[in-house]
Amino acid sequence: MMPVGRVLAVAAVAVILTGCTYAEPAAVPDAQTPEGSAPIPYPSPTPTSAAASWGAPLSGRFISQAARTTGGVLITGTAAGATLTLEGVSIASNPNLKVVLNKGALSKDPSGNMVVEDPNSVDIGAQLKPSPGSQSFQLPPFPPFKVQSVTIVDWQTHVAYGTADLTPPAVSK
């Protein structure tokens with residue numbers, strides 16, 4: 001008769017090995033594909049890291065909307081996701097200002113106002129400090145959509161103070 005410890009060790013190895021089997025799916029011959037039908041497309045591969053999902057690095061300069069807004073924004077990749085840095089931002093003092101990521105870019109509407117063309121946005125929970133200068137905020141591991149711009153907004157009145165369209169850095173030759 002085997003000791004209980006040895007039986008448990010053998011059982012544990014057996015359980016581990018049964019979970020590690022993989023069989024390649026059988027290929028379907030082309031002759032079985034119905035006439036005129038296309039092969040089923042597979043989804044494109046997802047980024048291998050959280051930082052790559054942001055498309056970082058991205059940068060942009062603020063364009064004033066409801067209030068004079070100057071400075072820039074930079075999104076850089078990190079091991080955990082990305083960091084959004086507001087660089088040299090100068091804006092009217094307001095304790096209700098937050099940073100919002102937008103799915104759309106900044107454009108002029110028919111009446112000539114600067115607006116974000118796609119209203120989908122996400123509040124990253126970052127409240128601006130009242131002093132001018134640089135501020136950094138950690139972003140989640142994966143963006144909810146492809147981020148096209150960043151807006152500084154008064155969260156009580158929903159008035160956009162300024163927006164920066166984001167682009168990858170220029171590649172020098």
Chemist: For Thr70, what residues pass the side chain to side chain donor-acceptor pair (under 3.5 Å) criterion, not counting sequence neighbours?
Modeler: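 Scan of Thr70 (side chain to side chain donor-acceptor pair (under 3.5 Å), adjacent residues dropped) gives none.
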Chemist: Which heavy atom in Ala164 sits nearest to a heavy atom in Gly60, and how many Å separate them?
Modeler: CB-C, 4.0 Å
Chemist: Just to verify, what does Leu139 make a side-chain contact (heavy atoms from CB on, under 4.5 Å) with, not counting sequence neighbours?
Modeler: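 Here the qualifying residues are Trp54, Ile75, Ala82, Leu84, Leu101, Ile124.
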Chemist: Any chance you could measure Ile152, atom CD1, to Ser64, atom OG, to the nearest 0.5 Å?
Modeler: 9.5 Å
Chemist: What about Val153 and Met114, same hydrophobic cluster or not, with Ile/Leu/Val/Met/Phe/Trp/Tyr joined at side-chain heavy-atom distances under 4.5 Å?
Modeler: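 Different hydrophobic clusters.
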Chemist: Distance-only criterion, 3.5 Å: show the donor-acceptor pairs between side-chain atoms of residues 89-99 and protein atoms not counting sequence neighbours.
Modeler:
from: Asn94; atom 1: OD1; to: Asn96; atom 2: N; distance (Å): 2.7
from: Asn94; atom 1: ND2; to: Asp154; atom 2: OD2; distance (Å): 2.8
from: Asn94; atom 1: ND2; to: Tyr161; atom 2: OH; distance (Å): 2.8
from: Asn96; atom 1: ND2; to: Gln156; atom 2: OE1; distance (Å): 2.9

Chemist: Any chance you could measure Gln135, atom CD, to Thr85, atom OG1, to the nearest 0.5 Å?
Modeler: 10.0 Å
Chemist: Test: side-chain hydrogen bond (donor to acceptor under 3.5 Å, both in side chains). Region: residues 139-152. Which pairs qualify, not counting sequence neighbours?
Modeler: Asn102-Ser149, Asn102-Thr151, Thr151-Thr163
Chemist: I need the Glu87 CD to Phe62 CZ distance, nearest 0.5 Å.
Modeler: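 One finds 10.0 Å between CD of Glu87 and CZ of Phe62.
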Chemist: What about Leu128 and Val150, same hydrophobic cluster or not, with Ile/Leu/Val/Met/Phe/Trp/Tyr joined at side-chain heavy-atom distances under 4.5 Å?
Modeler: yes
Chemist: Is Ser53 close to Pro143 at the side-chain level, that is, under 4.5 Å between some pair of heavy atoms?
Modeler: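 Yes, side chains in contact.
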Chemist: Taking ILVMFWY side chains as joined if any heavy atoms are under 4.5 angstrom apart, and letting links pass through other members, which residues group with Val115?
Modeler: none
Chemist: Quick one: side chain to side chain donor-acceptor pair (under 3.5 Å) partners of Asn113, sequence neighbours excluded?
Modeler: Ser111
Chemist: State yes or no: do Phe145 and Val73 share one hydrophobic cluster built from I, L, V, M, F, W and Y residues joined by side-chain heavy-atom distances below 4.5 Å, directly or via other members?
Modeler: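 As far as the 4.5 Å side-chain criterion goes, Val73 and Phe145 are connected within one cluster.
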Chemist: Could you tell me whether the side chain of Asp118 and the main chain of Lys103 form a donor-acceptor pair under 3.5 Å?
Modeler: no
Chemist: Check the hydrophobic clustering (I, L, V, M, F, W, Y; side-chain heavy atoms under 4.5 Å; chains of links allowed) and say if Val159 and Val122 are grouped together.
Modeler: yes
Chemist: Check step by step if side chain to side chain contact (heavy atoms under 4.5 Å, CB included) holds for Leu74 and Leu58.
Modeler: CA-CA 6 Å; Leu74 177 65; Leu58 297 168; over 6 Å; no
Chemist: Return the minimal non-hydrogen interatomic distance between Ser134 and Gly88, and the atom names on each side.
Modeler: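 Scanning both residues, the minimum pair turns out to be OG-N, 3.4 Å.
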